[in-house]
Structures are given as C-alpha cells and as structure tokens.
> 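Input: one structure, supplied below.
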Amino acid sequence: MCQSTEIMDKNFNFAQAEGRIYAQWEKSGLFTPDPDSPGQPFVIVIPPPNVTGNLHMGHALDNTLQDILIRYHRMKGDNTLWVPGTDHAGIATQAVVERALAREGIKREDLGRQKFVERVWQWKKEYGGNIVRQLRRLGASCDWSRERFTLDEGLSKAVREVFVRLYEEDLIYLGDYIINWCPHCRTALADIEVEHQDQADSLYYIRYRAEGSRESLVVATTRPETMFGDTAVAVHPADERFKAYIGQQVTIPLTSKSIPVIGDEYVDLEFGTGALKVTPAHDPNDFQIGLRHSLPQVTCIDLEGILTEAAGRYHGRERFEARAAIISDLEKEELLVKVEPLTHAVGVCYRCRTVIEPLISKQWFVRTAPLAKVASEAVKEGKTSFIPAQWEKTYFDWMDNIRDWCISRQLWWGHRIPAWYCQSCGRTVVARVDPDKCPHCSGPLEQDPDVLDTWFSSGLWPFSTLGWPDETKDLARYYPTTVLVTGFDIIFFWVARMMMMSLKMMGQAPFRTVVLHPLVRDAQGQKMSKSKGNVIDPLGVIDLYGADAFRFTLASQAGQSRDLKLATSRVAGYGKFVNKIWNAARFTLANLSDEILSEPREPVSLPDRWIRTRLDETAAECRAYLEAFAFDRLAGTVYHFIWDEFCDWYLELIKPILFGPDPAAIMAVRQNLLTSLAVILKLLHPIMPFVTEEIWSKIPGRTGCLMTKAYPGGQKPREDSRALEQIGFLMDITRAVRSARADFRVPPSEKLTARIKTEDPDLLKVLAEYSPLLVRLMGVQEIAQAEPEAQKPREAAFSVLSWGEVWIPLAGHIDLKVEKARLTKEAEQLRKDIGQANGKLANPDYVAKAPPEVVEETRERLSDLEKRLSAVGRSLETLASMS
RNA sequence: AGGCGUGUAGCUCAGGGGGAGAGCACUACCCUGACACGGUAGUGGUCAAGAGUUCAAAUCUCUUCACGCCUACCA
C-alpha cells in the first residue's frame, strides 16, 4: 500500500462536509448560467414554496428530482438554469402575521392597511428566508442570483400588465355572483379553494303553509337558517304531487313572508320531499334557479356568518347557533315534520376548514373558457406533454369543464387590484399606472380594496421570473422552460393556470414536459400537511442520515405510483450505501501510487475489461433513465452496479493483482481502478452530490468541481461480450465453492480444492490464467481442470452449470444426511421445472403458436435442467452406495 | 354520484403475457489487508377473490371485495 487509508476517515462525515461543500459550490458561481454561453438551454422554474413555509417532504421530493435533472443537464453541457423563488401566499401569510399580532393583542384593523402590510413585509424579511435556506441543505443547485418573490417589483409589474391586458380584452370582468365566502378568513375563495368534507348532519323537513288554503308543502333542508333568504319553493314541473301548487303562494315559517311556488327541472323528485326551498343568495344552485325565474336575492347571513335583519328576531345570531334556535322554534310551532340523519359533503375553507358560506358579492373574475381552450389544445397537440401521461386526462377534464375564476380576495397582503371607481361618475378605471383622477369626469377615484388570488401571480411564474414584460436577455434565451416538476395535486391550482396565462401572454406553452411525481404521505397514507400535524421533518432526516441518503431514497421511490410512503428504514439503508461508496473510494485512493496516470488507458486484465464494459453499459442506462425521468430506475441501476458488481466483484477480483508481484499489472489495475471510480462518481453525482464531490476533492491530480464534469455515457459503449462471459464463468465457480462451504459447514480455516470440468477451451484458458486469483478469492487450496475422463470423487459437493461442472472433494466433511436432503430437494425442484417445460413442449399449440425463440429457449432450458437432474441423480446413487 | 389509482415476501415497494424481484427485517457462518453501516450462504410469496381471453396470465378483460385520491350543485 503506497498511501495509508488515513487520507480518508472510515466513514463519510456528512454533517461536517455538506455545509462546506455547498458553500464552495455557491461561491464558485457554478449554479449561475450565462445566457451568452453556448449550449442548449435546459430550464426549470421551481414551484415557489410559500414564504411562510418550512421545508416539508413534498418540497424535498420535488426539489430533489429537479436537482437531479439540473445537475445531469449541467454535466451534459447544457446551458442550465434553475430559477428559485418563493410565493407570497396571500391567505397563509396574512394569517401567520395576524396570529403573531394577536399574541400582542393587536388586530390588523387596529393597525390599518398600510401599517399591517409593512408588518407583513417585516415578517417576510425576517422569516421568509427559512425555506430558501433549507433548500440549500438538500443540495439544491438553484441559481440564487435569479431568486424571485411573487410580490417583488418585477413580478408585480408583470401581474399588473396581465391584469390590464386581460381586462382590455374583456377576459377579466367585475360581476355580482355567488361566491364561496370564508367567514373566518373573511374573503372570497375560488371554487378549487373549497374542500369538500363528508359530515354527518340532519335533514330537516319543514312545513311551508299555503296561503288561502289549509294545505301545505313540506320541504327538506339541511340549512334551516337560510329560510329567511328564501324567495321561492321549487317543485319539478312534471311532479304530479305538486303540479297544482305551482303559481300559488306559501308562507316562510316563523315569518309572515309570502313566496311563490315555482316549477324548475333542477328539482330532484326522489330527494327529500321533492320540494325545494330556493335561497338564491346562499346557495349556488338556488342562485341559478333564481336567475332563471328572476327571483329576488335576499341576503340573510352576513360576511361574518351572522344572521341579518332579514332574519327578523334571529337577527344578530351566529348561523349555526341560529339553526338550533330555529329548529326548536319550528318544533314549538309544529312546523317541523321530521328530522333525518344525512351525511353529505360540506364545503370548507382549504386554509382554516371553516364551513363556507355561499354569498352574493361583487368580485373580479377571469373569463376562462377561451384561455382554457388554447391551453387544452397545446397539450392535445403535444406541445406540452405530461409524465405519467395519464394526468393529461385529468387536465383535459378540468379544462373542458372549467368555470370562471374568481380572482379577488378580501385580504391586505397581495397584489392590489389595479381598478379604481369614480366617486362622481361611477365608472371603473383599470390602469397600468395609478391614476389620480377619473379620466372621464376628473372626479375623485377610490381604488378597489381587494387583492388578487395568489395563484394569479404564480400563474405567470414561468415568464415573469425571466423578466417579462421587459424583453430581457433571459426571457429570450430561457423561455419556454424545459421541464416542470411538481406534484399532481396542483395540476388545477397551478399547472393549468400557468398553461393558460403563458399561452395567452407569450403565445408559447411554458414547458415542454410536465413531470408529475407522487405525493409523500404519512404511514396512514394521508397527505402530509401542516394543518393535519402529521409532518415528518425532512431536516431531521437529513440530520440523521445525510442529504445524500435522503435524496437517494426519494429518487428510488419516485416511480409511477401516486403515493410515496416514506420509510426511514430505507433512508438508513441508503445511508449504508453512502458508506459503501465512501469505502470503495477509500480503498481506491489508498492503493494509488505516487505516479498519477492522468490519461485513461485501455484496460488489459479481464476484470478491468469486464468492469469497463459494465460501466459503459450502466452509463448508457443511466442516461436513458434520466432522459425518461425514470428516477427510480436510475437509482436502482447505480445502486446495484456499484454494490453488487463494482464492490462485490471487481474490487475483490483485482485484489490479487493489486497485491501481487507484477508491477506492470499493478499499475494497469490502479489506473483502471481510478478511472472506474471517477466514472462512478459522475454517474452518481446528480443523486448524491455531496459524497461524490467530497470524494472527488480527495483524488490527487483532479481539477475543478465534479459537478461540472461531463456526464458519462456520451460515447459509444465498449462491447466485450467475451469479458462478460468469462467473468460469469469465474463467478459461477466462486459461488459453487462458497455454497458448498456453507452447506457442509466447512470452517474457513480448512482449505478446499476444486475441480472444474468443462469442454470449452476458451474457459479452460481463462481458468489457467485466473486460478491463482480464484484461489485467493475463495480461500481454496487449489483450483484446476478436472481430467476429461475423471469421475467425480465419491465424497464431494458439486454444481452443474451451463458450461460444465464444479467438484469440491469433501472427504470427512460430508454429512450424508445433510447432503442427501439437499440433493433430494434440488432434484425435486428440477423435476418440477422439467415437468413444466416438458408440458409446454408436449403441447402442439404451444410449439405452433408461441414465438420460435420462446420455444427454443424452453428447449434449451429443458436440456439444461435434464443435465443437472442427471448429475444430481448420479450423485444421489453414489450416496446410496456409500451408506 | 362519476373519474382515477392501489392491493406482490413480516414492513416499504419495483416488475407488468413465457423461469416470482429489491431494500429493510429474519437464520447460519465469518472482524479475510475499503467498509461489521461489512462479507458469504440462506429462509420467506396459491402476486386480494372469482370468472374470461390466450398455447401461456402476477401481468390483458370483466365482476366482486378492501383501501386511497380527485372531481361534483342532490337540497
């Protein structure tokens, strides 16, 4: 050994190394591409995490996969850009700051809008960098010099430009509509911000008395408190039971208010009583019915969930409290016919889970139909494709059934809507530059108090981050982006919006490929979320096992399935893999000589030829998997290659040479060993950047960072099928000896001999050359060719391989009973397999219809099995004769 | 209610018409000059159930069961 192993510790100290390595990368500026440099652009924009957030498993997976792609393409020589940034997350951030204020006993109203927004900015400045710092711990190689925030100056300019353009094209409008109102967050919500939860509730049957007769109609409702907003009772026009009521008046119970009975086909004859109370101001369906029948809209619940004056004596009471009171009063008046239990879906706020109150309100909307049509076509025409492709259907379903998008939010934190209302002429002014008076009448203006939905600005992310609406160099060079990597849970929220907005504003789809990865779930298969409190902290996992092991685990699990239930045992397992690589490198570096051979040479020895061939094959596979976004296959391939082939076989095979007497052979092997290690480090680097970079830094004579070295597999792979075959032969022999030793409990101290019987002259040559190597490898005494006419010794273990037999004389070691049991079991299995193969071949349909190569394969297999069985049989006979 | 997905070794998951796989766990032996976070040899599964298509089904089709997700206006 020329250098001691002391140049490397026994284990990779990831805790000590990761921060140092990341700082070096960042300092070197290697994350920052130059738009003027050559190279095909490869661009990813990060799904911007909420500024309020901390790194969770979803981010970890998302960003690991992105970093793998980014690092791979950077190594490939592409002009590679990964744009990072954060989202201002309107409701979420405002809520966080409001909570902080509440601890000081302050409400946002106490501060006023301007002061409050200042406080949020202050908060953002202080804590908003958390998640961005945490991404660094993962090893994410984002170009931090291009970091953006959805509320920064440039992006705000983009938001304003888009709003004005869409307004000018009549794609944004202001309308009185029924919207989803969260009484807790006090804001409107888009349809997809409403989650539906099954809830056990009651269905109340309430009697509405007809006027001028003793008859009555019974309606069923889950929400009696909306009664005071009723402006009709609807029945199906074809319903024989109630036809006669249409046109009559009924009285709302507990009031003296009279409403008409109308006929509308929306009513389901089967549900409840077949009569429906219509509350246009508090139910989206009733709203539609109301429009059809020109019914008045009576609001009986206000923005805070409190009943209004329209509710008469219930005025001022909270909606659910009022419900109980109303039920009790109805009972007293004998107007409550019955109560049935009912489980139904209730809409709740996705943020605070408060039950949504549908309300009529003036809000801004995007007319989505024309945008969605273009966005849908872009995917149909293959301009953007989804991986896995099944998600395209989900995307189409939504695009085809899209409804107008309510974009105004009654918050203070966000992009203020650039609309002003003239206080004298009443006109609405939408402008790129804040106007100071009405352009029509010069009257005073008042700006709309609302802000835009957060997703409005994130919908512009692929082009706003590159500088749009200015015609920047980045925009010209890097738009459209190449790949979007995200979870399928935000296809509607985000992907669809980016498609619509980008196509509208840029005329080009924002990315070529959308890679949808699984969602990381907890042990129960539940989506991890802060509000559920079931979050496993990725930083804790990194602390324990290191970023490389964690990244590798995520990649290895990122297949086609929708769930990724993270098991820490796997992370621990891949932590061992990191250690394995580390020690393989330690071995390699410890065996280098002082004279560094800088130029890779052609491999000479059989192990070298073999490993280099396998290395080329593996590199080609890795490239193919990376191009196909098959992260799990990529991980599996490098894992097995490094562990099973490089470490378990190659390193063992070369030891006899490395520690042998031939200086030229030693030099050749050292050279090849180092070359192979370098290729392995490069192959692995995109998944495990830290340990590979750290090992690279210890290679004498290396230059620069590993992260910029060319990814292997760019050239035509070497083909050396003879090396593969011959190594296979040596492996067969080795396994046979090891197996015999284990089966017969021969202690390692006792040396065995082995006899090889084969008629293949090629293999005999290999055997002659490598028997010293095998002797060393297996701890056998001697290994040699068996005489062609020799018989197997009576007491011997043996293996039958495709190319011949291995005999291991075991005089004194054979336990007849054990051996007999072993052989009997083997014979049994062989007979079963032979029976199966025979059965197939005896079937004329099989021979006639199965592909010829499959039939041929079966024939070969059968003859191999028969050869083995007969050898096993002979051996059993010998055993019998001995006892 | 529709749509989508999942059910394979004790656990977490690959595979996807022709000999059941991986990691972890487990058993036995071994601290052999990179690694005991290691090595070697093993144990372990009627691939959810039933039917069909096929020469051949874990794999394709249908049905059923269980679980999960998404969409939806059944009050």
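Just so it is clear, the values below take in all heavy atoms, side chains as well, and ignore hydrogens, waters and symmetry mates. Proteins get letters first, then strands, A, B, ... in listed order; numbering begins at 1 in each.
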> Output the single nucleotide from B/A34, B/C73, B/G18 whose closest atom is nearest the side chain of A/F587.
B/A34
> Taking the nucleotide of RNA chain B with the closest heavy atom to each, which residue, A/R633 or A/C647, is nearer the 5' end?
A/R633
> Suppose you measure atom C1' in B/C74 against the same atom in B/G17; what distance do you get, rounded to whole Å?
45 Å
> Measure the distance between the ring centre of A/F659 and the centre of the six-membered base ring of B/G33, then answer whether it is under 5.5 Å with planes under 30°.
yes
> If I take atom CG in residue A/D268 and atom P in nucleotide B/A72, what distance separates them, rounded to the nearest angstrom?
19 Å
> Tell me every residue that passes ring pair (Phe, Tyr, Trp, His ring centres under 6.0 Å) with A/F631, counting only those two or more places apart in sequence or in another chain.
none
> Tell me whether the side-chain N/O atoms of A/W643 come closer than 4.0 Å to OP1 or OP2 in B/G39.
yes
> Any side-chain N or O of A/H344 below 4.0 angstrom from OP1/OP2 of B/A75?
yes
> Assign A/I491 to base, sugar-phosphate, or nothing according to its heavy-atom contacts below 4.0 angstrom with the strands shown.
nothing
> Taking any heavy-atom pair under 4.0 Å as a contact, classify A/F577: base, sugar-phosphate, or nothing.
nothing
> Expressed as a whole number of angstroms, how long is the span from A/Q390:CD to B/G5:C1'?
8 Å
> Do A/H282 and A/E357 pair up side chain to side chain, a donor and an acceptor below 3.5 Å, judged on atom types alone?
yes
> Are the aromatic ring centres of A/F577 and A/F552 under 6.0 angstrom apart?
yes
> Taking the six-membered ring for Trp, are A/W391 and A/F386 closer than 6.0 Å centroid to centroid?
no
> Does any N or O donor sit under 3.5 Å from an N or O acceptor when you compare the side chain of A/E652 with the base of B/A34?
yes
> Report which part of the nucleic acid A/Y574 touches: base, sugar-phosphate, or nothing (heavy-atom distance under 4.0 Å, all strands).
nothing
> A/W391 near the nucleic acid: base, sugar-phosphate alone, or nothing, with a heavy-atom cut-off under 4.0 Å?
nothing
> For the ring pair A/Y545 and A/F14, is the centre-to-centre distance below 6.0 Å?
no
> With both distances kept under 3.5 Å, what pairs with B/G68, Watson-Crick or G-U wobble?
B/C4
> When you get a sec, tell me which of B/G18, B/A75, B/G38 is the closest nucleotide to the side chain of A/T221?
B/A75
> Can a donor-acceptor pair under 3.5 Å be found between the side-chain atoms of A/K580 and the base atoms of B/C35?
yes
> Looking only at atom types and distance, does a side-chain atom of A/N583 sit under 3.5 Å from a main-chain N or O of A/K10, one as donor and one as acceptor?
yes
> Taking CZ from A/F552 and P from B/C24, how many angstroms apart are they, rounded to a whole number?
12 Å
> Please tell me which of the listed nucleotides, B/C55, B/U12, B/C70, lies nearest to the side chain of A/F492?
B/C70
> How far does the P atom of B/G3 sit from the matching atom of B/G50, given to the nearest Å?
26 Å
> B/C11 and B/A25: how far apart are their C1' atoms, nearest whole angstrom?
8 Å
> Closest heavy-atom contact between A/I657 and A/P607?
CD1-CG, 4.4 Å
> Which listed nucleotide (B/A75, B/G39, B/A41) is nearest to the side chain of A/R735?
B/A41
> Does B/G42 have its OP1 or OP2 closer than 4.0 Å to a side-chain nitrogen or oxygen of A/S739?
yes
> With nearest nucleotide decided by heavy atoms, which residue, A/N843 or A/N11, maps closer to the 5′ end of RNA chain B?
A/N11
> On a whole-Å scale, what distance lies between the P atoms belonging to B/G19 and B/U63?
29 Å
> Under a 4.5 Å cut-off applied to non-hydrogen side-chain atoms, are A/F550 and A/L544 in contact?
no
> Rounded to whole angstroms, how far apart are CD on A/E265 and P on B/A75?
20 Å
> Applying the Watson-Crick and G-U wobble criteria at under 3.5 Å, what pairs with B/G21? Answer none if nothing qualifies.
B/C13
> Of the listed nucleotides (B/G68, B/U40, B/A22), which one gets closest to any side-chain atom of A/D563?
B/G68
> Could you tell me whether the phosphate oxygens of B/C73, OP1 or OP2, come under 4.0 Å of any side-chain nitrogen or oxygen in A/R403?
yes
> So, OP1 or OP2 of B/C55: does either fall under 4.0 Å of a side-chain N or O from A/K849?
yes
> Just to confirm, is there a sub-4.0 Å distance from OP1 or OP2 of B/A34 to any side-chain nitrogen or oxygen of A/K655?
yes
> Base, sugar-phosphate, or nothing for A/Q557, non-hydrogen atoms under 4.0 angstrom?
sugar-phosphate
> Could you tell me whether A/P851 contacts a base, only the sugar-phosphate backbone, or nothing, with contacts defined as non-hydrogen atoms closer than 4.0 Å?
base
> Could you let me know what B/A28 is paired to, Watson-Crick or G-U wobble, both distances under 3.5 Å, or none if it's on its own?
B/U40
> Between B/U40, B/C35, B/C55, which nucleotide has the shortest distance from any of its atoms to the side chain of A/A850?
B/C55
> If we take the P atom in both B/A41 and B/C24, what is their distance in whole Å?
15 Å
> Quickly work out the A/K393 NZ to B/G2 P distance and round it to whole Å.
14 Å
> Can you tell me if A/D283 uses its side chain to pair, donor with acceptor, with the backbone of A/T279 under 3.5 Å?
no
> Suppose you measure atom C1' in B/U53 against the same atom in B/A66; what distance do you get, rounded to whole Å?
26 Å
> Say we look at B/G39 and B/A34: how far apart would their P atoms be, to the nearest angstrom?
13 Å
> Other residues, nucleotides and ligands only: do more than 12 of their heavy atoms fall within 6.0 Å of CZ on A/F396?
yes
> Identify the nucleotide, in any strand shown, that forms a Watson-Crick or G-U wobble pair with B/C60, with both distances under 3.5 Å; if there is none, say none.
B/G52
> Find the distance A/L564:CG to B/C13:C1' and express it as a whole number of Å.
9 Å
> Determine the Euclidean distance between corresponding C1' atoms of B/U54 and B/G7; express it in Å to zero decimal places.
25 Å
> Are OP1 or OP2 of B/G19 and a side-chain N or O of A/K832 less than 4.0 angstrom apart?
no
> Expressed in angstrom and rounded to an integer, what is the separation of A/F488 atom CZ from B/G68 atom P?
15 Å
> What's the CG-C1' distance between A/D9 and B/C35, to the nearest Å?
13 Å
> Is it the case that B/C73 (base atoms only) and A/Y266 (side chain only) share a donor and an acceptor within less than 3.5 Å, ignoring hydrogens and angles?
yes
> Considering only B/C35, B/A22, B/A41, which nucleotide approaches the side chain of A/R570 most closely?
B/A22
> Name the closest nucleotide to the A/K576 side chain, picking from B/G38, B/A72, B/C73.
B/G38
